[in-house]
Enquirer: 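Structure below; questions to follow.
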Amino acid sequence: MNAFKVSVVVPGFNEEENIPHLIRILTGVLNRYQDYEIIFVDDGSHDNSHSVLEKIHQTDSKVQYILLSRNFGHQNALKAGLDHATGDCVISMDADMQHPPELIPELVEKWQEGYDIVYTRRAADPSLPVFKRRTSSLFYRWMNFFAEVEIEEGTADFRLLNKTALHAFQKFSENDLFIRGLIKWIGFRQYCITYDPHQRMAGKSKYSFRKMFSLALKGITSFSIKPLRFSVVIGFVISGLAFLYGIYILYVYLFTGETVSGWTSVIISILLIGGLQLIILGVIGEYLGKLFLQAKNRPSYIVRKNTFTHSG
Ligand code: UDP
Ligand code: MG
C-alpha cells in the first residue's frame, strides 16, 4: 500500500443523475490507495444534488461535499473544492464522466515519478457538435495569440496538483478565475497526458454559449493586456488613414472643385470610426470592470454548508 492521500475535487451544477454513478466509479478506482477523499462541490444546483450527496456522505465518510450559497460558476466552485482539499495530491475533474476516472492511476503514477502537475488533454472529438469544436479551437487560437501563457487546445480542468503547486495556487486572490491559465502560469514540472474523448453521461452541458463566451473573454483578459495595446494600434492605423483621406479631400476641393459628391464615403468613415471607438471603449471597460471587481475584493464563493469536521 502507498502511504499517501489522494483528494479528488468535483464541481457540479445540476448533476444529480451523474453523482451516484461517478462516485461509485471513483470509489472503485481510489480504493487502491491507502487514503483518499472525494470532495463534491455543489455549485448552487436547483435539482436534488444536495440530498443525493447527503445520502452518499452518510454511508461513506470519505465522500465530502461543499454546498455553495448560489451558482458561482465552474471555476469558482472548483476553487472552493481545491481550498478544502487535504490530500498529498489533488485531482480535479468534471462530474459528467467526460473526464475518465480510469485515468487517475496514470496521473498519480506521473506524480509519483516526480512531476508537480499532471494535466490532461482531450484528443480531438469527431462526435462533438461542429459548433462547439469550432468555437473551442477558435478560442484557443485567440487565447494563444493574445495571452502570455500558451494553453494547448483540449486542456480542461482535469489535472493533478501536488501540495506545493496547490499551495501556490491557493495564494492567488484573483477573483475572475481562469484556472487553466493560472496553473500554466505558476510553472513547476508539468506533464501532459492525452486521452480519448468521452460522452457526457446524463443531463446536458452546463456551459451555455454565454458561459463559454465569458470564459473565453476571461481567459484572454486575465492573461494579457495585449488587447489594450492592440486597440491603440488600430486607433493609430485608422486615424492615419483618415488623415490621408483628409489630404485627398483637400486636394479634390482645391484642384477640382467637386466637393458635394462623396457623401457615401463620409457615412462610411463615420460608421467605421464610431464602431472602432465602441470596440476600444469596450476593451478598456472590460479591464476597468476587472479592476472594479478586484478592488471590492469579494470572495470567489460562499459556502452554505460543508461536511468537513476540520477547519479549512
Ligand atoms: N459546472 C459548475 N458550475 C457551472 C457550470 C458547470 O460546477 O456553473 C460544472 C458541471 O457540472 C461539470 C463541469 O462544470 O461538472 C463542466 O461542465 P459541463 O460538462 O457542462 O461543460 P462541457 O463539458 O460541456 O464543456
Ligand atoms: Mg462536460
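Computation of the quantities below employed the complete heavy-atom set of this structure, encompassing side-chain atoms and omitting hydrogens, waters and symmetry-equivalent molecules. First listed ligand is number 1; within each ligand, the first listed atom is number 1. Here the structure is a predicted model, which is why all the values come from computation and not from measurement.
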Enquirer: Does only the side chain of D43 get under 4.0 Å from ligand 1, or the backbone, or both, or neither? Count heavy atoms.
Expert: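 For D43, only side-chain atoms sit under 4.0 Å from ligand 1.
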Enquirer: Heavy atom to atom 9 (C) of ligand 1, shortest distance: which of G73, P11, S92 holds it?
Expert: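 Ranked by closest heavy atom to atom 9 (C) of ligand 1, first place is P11.
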Enquirer: Identify the closest protein heavy atom to atom 6 (C) of ligand 1: which residue and atom is it, and at what distance?
Expert: K206 CB, 3.5 Å
Enquirer: With no hydrogens and no angle check, do the side chains of D96 and N18 hold a donor and an acceptor under 3.5 Å apart?
Expert: no
Enquirer: Name the closest protein heavy atom to atom 21 (O) of ligand 1, giving the residue it belongs to and the distance to 0.1 Å.
Expert: Y207 CD1, 3.3 Å
Enquirer: If you take the nearest heavy atom of each of K204, Q98, R122, which one is closest to atom 23 (O) of ligand 1?
Expert: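 Heavy atom nearest to atom 23 (O) of ligand 1 belongs to Q98.
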Enquirer: Need the ligand 1 atom indices (1-based, order shown) with element for anything under 4.0 Å from a heavy-atom of N71.
Expert: 3 (N), 4 (C), 8 (O)
Enquirer: Suppose I only count heavy atoms of A95 and a 4.0 Å limit; which atoms of ligand 1 are within that range?
Expert: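 Per the distance check, 15 (O).
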Enquirer: Cation-pi check for F169 against K79: NZ or CZ below 6.0 Å from the six-membered ring centre and within 45 degrees of the axis, yes or no?
Expert: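 Yes - K79 lies over the ring of F169, closer than 6.0 Å to its centre and within 45° of its axis.
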Enquirer: Flag this pair as yes if the NZ/CZ of K110 is under 6.0 angstrom from the six-membered ring centre of Y191 and inside a 45 degree cone about the axis; otherwise no.
Expert: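 Here K110 passes the 6.0 Å and 45° test against Y191.
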Enquirer: Taking atom types as modelled, find out whether Q64 and T307 have a side-chain donor-acceptor pair closer than 3.5 angstrom.
Expert: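 Result is yes, a qualifying pair exists.
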Enquirer: Which heavy atom of A123 sits nearest a heavy atom of D196, and at what distance?
Expert: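 Minimum heavy-atom contact is CB-OD1, 4.0 Å.
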Enquirer: Look at atom 16 (C) of ligand 1 and find which of D94, V10, D157 reaches it with the closest heavy atom.
Expert: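 Ranked by closest heavy atom to atom 16 (C) of ligand 1, first place is D94.
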Enquirer: Hey, are D35 and K62 close enough for a salt bridge, meaning a charged N less than 4.0 Å from a carboxylate O?
Expert: yes
Enquirer: I'd like to check whether A77 has a polar contact with ligand 1, where a contact means an N/O of the residue lying under 3.5 Å from an N/O of the ligand.
Expert: no
Enquirer: Work out the angle at the Mg ion (ligand 2) between OD2 of D96 and OE1 of Q98, rounded to 10°.
Expert: 100°
Enquirer: Please report which non-hydrogen protein atom sits nearest to atom 8 (O) of ligand 1, along with the residue it belongs to and the distance in Å to one decimal place.
Expert: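 Heavy-atom neighbour on the protein nearest atom 8 (O) of ligand 1: K211 NZ, 2.8 Å.
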Enquirer: Would you say D96 and ligand 1 have an N/O pair spaced under 3.5 Å apart?
Expert: yes
Enquirer: For the CG atom of D116 and the CD atom of Q190, what is their distance to the nearest 0.5 Å?
Expert: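 Going from the CG atom of D116 to the CD atom of Q190 covers 8.5 Å.
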Enquirer: Ring-plane angle category for H99 and F158, please: parallel below 30°, perpendicular beyond 60°, tilted otherwise.
Expert: parallel
Enquirer: Counting non-hydrogen protein atoms only, what is the nearest one to atom 14 (O) of ligand 1? Give residue, atom name and distance.
Expert: H74 CD2, 3.2 Å
Enquirer: Considering only protein heavy atoms, which is closest to atom 18 (P) of ligand 1, and at what distance to one decimal place?
Expert: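 Looking at atom 18 (P) of ligand 1, the protein heavy atom closest to it is R200 NH2, 3.4 Å.
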Enquirer: Looking just at side-chain N and O atoms, do T86 and E37 make a donor-acceptor pair shorter than 3.5 Å?
Expert: yes
Enquirer: Before you tell me yes or no, could you show the steps for E54 and K305 under salt bridge (Lys or Arg N to Asp or Glu O under 4.0 Å), namely the whole-Å CA-CA distance, both residues' side-chain angles and the distance that decides it to 0.1 Å?
Expert: CA-CA 11 Å; E54 179 58 33; K305 177 183 173 190; 3.4 Å; yes
Enquirer: Which heavy atom of the protein is the closest neighbour of atom 25 (O) of ligand 1, given with residue, atom name and distance?
Expert: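 Of every protein heavy atom, K132 NZ, 3.1 Å lies nearest to atom 25 (O) of ligand 1.
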Enquirer: List ligand 1 atoms under 4.0 Å from E15, heavy atoms only on the residue side.
Expert: 10 (C), 11 (O), 12 (C), 15 (O)
Enquirer: Please report which non-hydrogen protein atom sits nearest to atom 24 (O) of ligand 1, along with the residue it belongs to and the distance in Å to one decimal place.
Expert: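 That would be S205 OG, 2.5 Å.
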Enquirer: Salt-bridged, K163 to D88, with N to O below 4.0 Å?
Expert: yes
